[in-house]
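Okay, structure first, notes after.
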Amino acid sequence: MGMVENEEIVIVGGGIAGLATAVALKRVGFQARVLERHHELRAGGTALGLAPNAWYALRALGVDSKLTSTHQNFTKTVVTNLETGDTQVMGFPMKKDRGDDIGARYVQRKTLLKALAEELPPDTIRFSSKLISIKSETLQDSSKVTALHLDDGSIIKSKVVIGCDGVHSAVAQWLGLSQPLNSGRSAAYGLAVFPEDHGFEMLVVRMYLGGSVRAGFIPLNSKEVYWFFLHKSSSFEQDISMSPELILKEVTDNLAKDFPSDFLLVAKHTDLSTLAWGPLRFRAPWNVAFGRTQNGNVTVAGDAMHPMTPDIGQGGCSALEDAVILARCLKQAHATATESQCWVENALKRYVDERRWRAACMVAGSWLSGMVQQGGCGDQQWWSRATRWFRDRFLYKFVLPKLVNFVWTDCGDLGSPVAHGAGST
């Protein structure tokens, strides 16, 4: 048996959910250990859109000002249908009854991770720590601990375990949650770097629809542009998914060969080290709502709890909400604890109850939005034509603007929720 360590709280995974949860716990007086299997913070994912609900959560964590000073609110999305040539413009609401500068911004993943990590003590994150197995143990005083066995032979025993270990979460698997489903769609994405000013209008998202594909690009600054390409999955992906050169060639020479020159120009300036391609996965909404997302003193957050497709841009946003609400539940339960052995379990149950339905709605809404935006991902089937008809006439004009209330949900601060906030949909 290897070395045995004891911790109060262990967070498995050092991504957005894991670091945000560690920061939130620190703010309410708990010290957590973060186990990250990589040797450094993961910078994959290129960039992500942070909607207003994410900025409310970042404000509660005390890190929003580090990012808002260098990232501006986006003002609109310009959607071009490549089959018809029609263009629709969907505005981003800048403010809503608050008088502040909350809005939608795009942030590089590495920038967000750095901002969160800077709020933690230097020894919080333990790198190169891959989880192998999980076991529950009962101590002589009837209290429970969870033993985490790592690949280096060491064992960490913790009173609280929070799985933030992503889509293929070992903690979620231990809890008994179902494996994420394959949506039948895949995504390629990367970061284009121009030697000089790229010349595109800032603060505007450009999106293109064509048959069963959807693509777009977002200028992050004067020289860097984030781009994405979503399409129906194909068998050949496995053959090229590990080669950035082949991925880029497949996008520019095949899948997007008839796309506007602006998109192709962006793609051809891709920094190959940022390029990735993979299937889009999600957990069945009913498994999020009714599955076991908590067992004793173990729970999950972020993609480990509710992996979703990127179609409404809520993956990272909901992970930040999780962090705030989880820390708040632990703080409130600890303040009123009368039995030291069960207050943690009660806190985690409350957290899960507060999150499960909103998270399930996010997962379902994202999957449905993606299928509609990509025209049903079919060819000539009647339902594919019907989906495109609905998308082109109603989705961007009427449906998506009505989802404003959803992304403007304020999860509250670390002391108390906002009325109609964390649990609303």
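These numbers come from a predicted model, not from an experiment.
Between the side chain of Ser169 and the main chain of Val171, a donor-acceptor pair closer than 3.5 Å is present. A donor-acceptor pair under 3.5 Å is absent between the side-chain atoms of Arg350 and the main chain of Gln332, judged by distance alone. Under a 3.5 Å cut-off, the side chain of Arg185 and the backbone N or O of Ser233 do not form any donor-acceptor pair. No donor-acceptor pair under 3.5 Å is formed between the side chain of Asn53 and the backbone N or O of Thr409. Not a single donor-acceptor pair under 3.5 Å links the side chain of Thr299 to the backbone N or O of Leu348. Judged by distance alone, the side chain of Ser129 and the main-chain N or O of Glu36 form no donor-acceptor pair under 3.5 Å. Put simply, the side chain of Thr111 never gets that close to the backbone of Val107: no donor and acceptor are under 3.5 Å apart. A donor-acceptor pair is defined here as one N or O able to donate and one able to accept, closer than 3.5 Å; no such pair exists between the side chain of Arg37 and the backbone of Leu35. Between the side chain of Ser366 and the main chain of Val363, no donor-acceptor pair closer than 3.5 Å is present.
Considering every non-hydrogen atom in both Asn182 and Pro279, the closest pair reads ND2-CB, 3.8 Å. The shortest non-hydrogen separation linking Val288 to Ala360 is CG1-N, 3.8 Å. Trp55 and Gly103 get closest at one heavy-atom pair: CD1-O, 3.2 Å. A pairwise comparison of heavy atoms in Gly14 and Val34 identifies CA-CG1, 3.8 Å as the closest pair. Residues Leu67 and Ala115 come closest through the heavy atom pair CD2-CB, 4.2 Å. For Gly13 against Arg42, the heavy-atom pair with the smallest separation is C-NH2, 4.4 Å.
Other residues, nucleotides and ligands contribute more than 12 heavy atoms inside 6.0 Å of the CD atom of Glu118. Within 6.0 Å of CD in Glu196 there are 12 or fewer heavy atoms belonging to other residues, nucleotides or ligands. Summarising the local packing, CZ of Arg281 is surrounded by more than 12 heavy atoms from other residues, nucleotides or ligands at distances under 6.0 Å. Taking a 6.0 Å sphere around CD of Gln173, one finds it holds 12 or fewer heavy atoms contributed by other residues, nucleotides or ligands. Atom CZ of Arg27 is surrounded by more than 12 heavy atoms from other residues, nucleotides or ligands within 6.0 Å.
A salt bridge is absent between Asp413 and Arg328: the closest approach of a Lys/Arg side-chain nitrogen to an acidic carboxylate oxygen does not fall below 4.0 angstrom. A salt bridge is defined here as a Lys NZ or Arg NE, NH1 or NH2 lying under 4.0 Å from an Asp or Glu carboxylate O, and Asp322 with Arg355 meets this definition. Between Glu119 and Lys114 there is no salt bridge, since no side-chain nitrogen of the basic residue lies less than 4.0 Å from a carboxylate oxygen of the acidic one. The pair Lys159-Glu7 does not count as a salt bridge, with every side-chain nitrogen at least 4.0 angstrom from each carboxylate oxygen. Salt bridge status for Asp253 with Lys249: present, with a side-chain N to carboxylate O gap under 4.0 Å. Between Asp64 and Arg105 there is no salt bridge, since no side-chain N of the basic residue sits under 4.0 Å from a carboxylate O of the acidic one.
If you take CH2 on Trp227 and NE2 on His269, they are separated by 13.5 Å, rounding to the nearest 0.5 Å. Between the CG atom of Leu25 and the CD1 atom of Ile162 there is a distance of 5.0 Å, given to the nearest 0.5 Å. The CZ atom of Phe194 sits 5.0 Å away from the CZ atom of Phe200 when rounded to the nearest 0.5 Å. Within the model, atoms OG1 of Thr274 and CD of Glu224 stand 9.5 Å from one another, a figure rounded to the nearest 0.5 Å. Annotation: the span from Leu50 atom CG to Leu320 atom CG amounts to 6.5 Å, rounded to 0.5 Å. For the atom pair CD1 of Ile11 and CG of Leu326, the computed distance is 8.0 Å after rounding to the nearest 0.5 Å.
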Verify side-chain hydrogen bond (donor to acceptor under 3.5 Å, both in side chains) between Ser183 and Thr309, making sure each step is shown before the conclusion. CA-CA 8 Å; Ser183 68; Thr309 59; over 6 Å; no
Working for side chain to side chain contact (heavy atoms under 4.5 Å, CB included), residues Phe217 and Tyr226: CA-CA 6 Å; Phe217 64 88; Tyr226 167 64; over 6 Å; no
Output, in order, the C-alpha distance, side-chain angles, deciding distance and verdict of side-chain hydrogen bond (donor to acceptor under 3.5 Å, both in side chains) for Thr146 and Ser158. CA-CA 5 Å; Thr146 302; Ser158 179; over 6 Å; no
Does the pair Gln88 and Asn81 meet the rule for a side-chain hydrogen bond (donor to acceptor under 3.5 Å, both in side chains), with working shown? CA-CA 8 Å; Gln88 301 182 54; Asn81 187 319; over 6 Å; no
Would you please test Val300 and Leu177 for side chain to side chain contact (heavy atoms under 4.5 Å, CB included) and show each step? CA-CA 10 Å; Val300 282; Leu177 288 171; 4.2 Å; yes
Hey, mind stepping through Asp262 and Val266 against side chain to side chain contact (heavy atoms under 4.5 Å, CB included) and telling me if it holds? CA-CA 6 Å; Asp262 283 351; Val266 169; 5.7 Å; no
Please lay out, stage by stage, how Cys164 and Thr21 fare under the test side chain to side chain contact (heavy atoms under 4.5 Å, CB included). CA-CA 9 Å; Cys164 298; Thr21 301; 4.2 Å; yes
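For an aromatic pair to be called close, the ring centres must be under 6.0 Å apart, and His231 with Trp277 satisfies this. Checked against a 6.0 Å centroid threshold, the rings of His306 and Phe282 do not count as neighbours. Taking the six-membered ring for Trp and the full ring otherwise, the centers of Phe127 and His39 sit at least 6.0 Å from each other. Here the two rings, on Tyr189 and Phe229, have centers that are 6.0 Å apart or farther.
Each of Leu61, Thr124, Val324 was scored for a side-chain contact (heavy atoms from CB on, under 4.5 Å) with Val23, with one residue passing: Leu61.
Residues Val79 and Leu209 are in side-chain contact: their nearest non-hydrogen atoms beyond the backbone lie under 4.5 Å apart. In this structure the side chain of Asp123 reaches within 4.5 angstrom of the side chain of Arg33, judged on heavy atoms. Looking at Asp311 and Trp367, their side chains never come closer than 4.5 Å, going by heavy atoms from C-beta outward. In this structure, the side chains of Leu48 and Ile16 come closer than 4.5 Å at one or more pairs of heavy atoms. Between Val160 and Val10 the shortest side-chain heavy-atom distance does not fall below 4.5 Å. Side-chain contact between Pro180 and Asp303 is absent, with no heavy atoms from C-beta onward closer than 4.5 Å. Between Leu230 and Phe228, some side-chain heavy-atom pair lies under the 4.5 Å cut-off. Proximity of Met90 to Lys76: side-chain heavy atoms (C-beta onward) are nowhere separated by under 4.5 Å.
Checked by atom type, the side-chain pair Ser154/Arg126 shows a donor-acceptor distance below 3.5 Å. A side-chain N or O of Ser178 and one of Asn287 form a donor-acceptor pair less than 3.5 Å apart.
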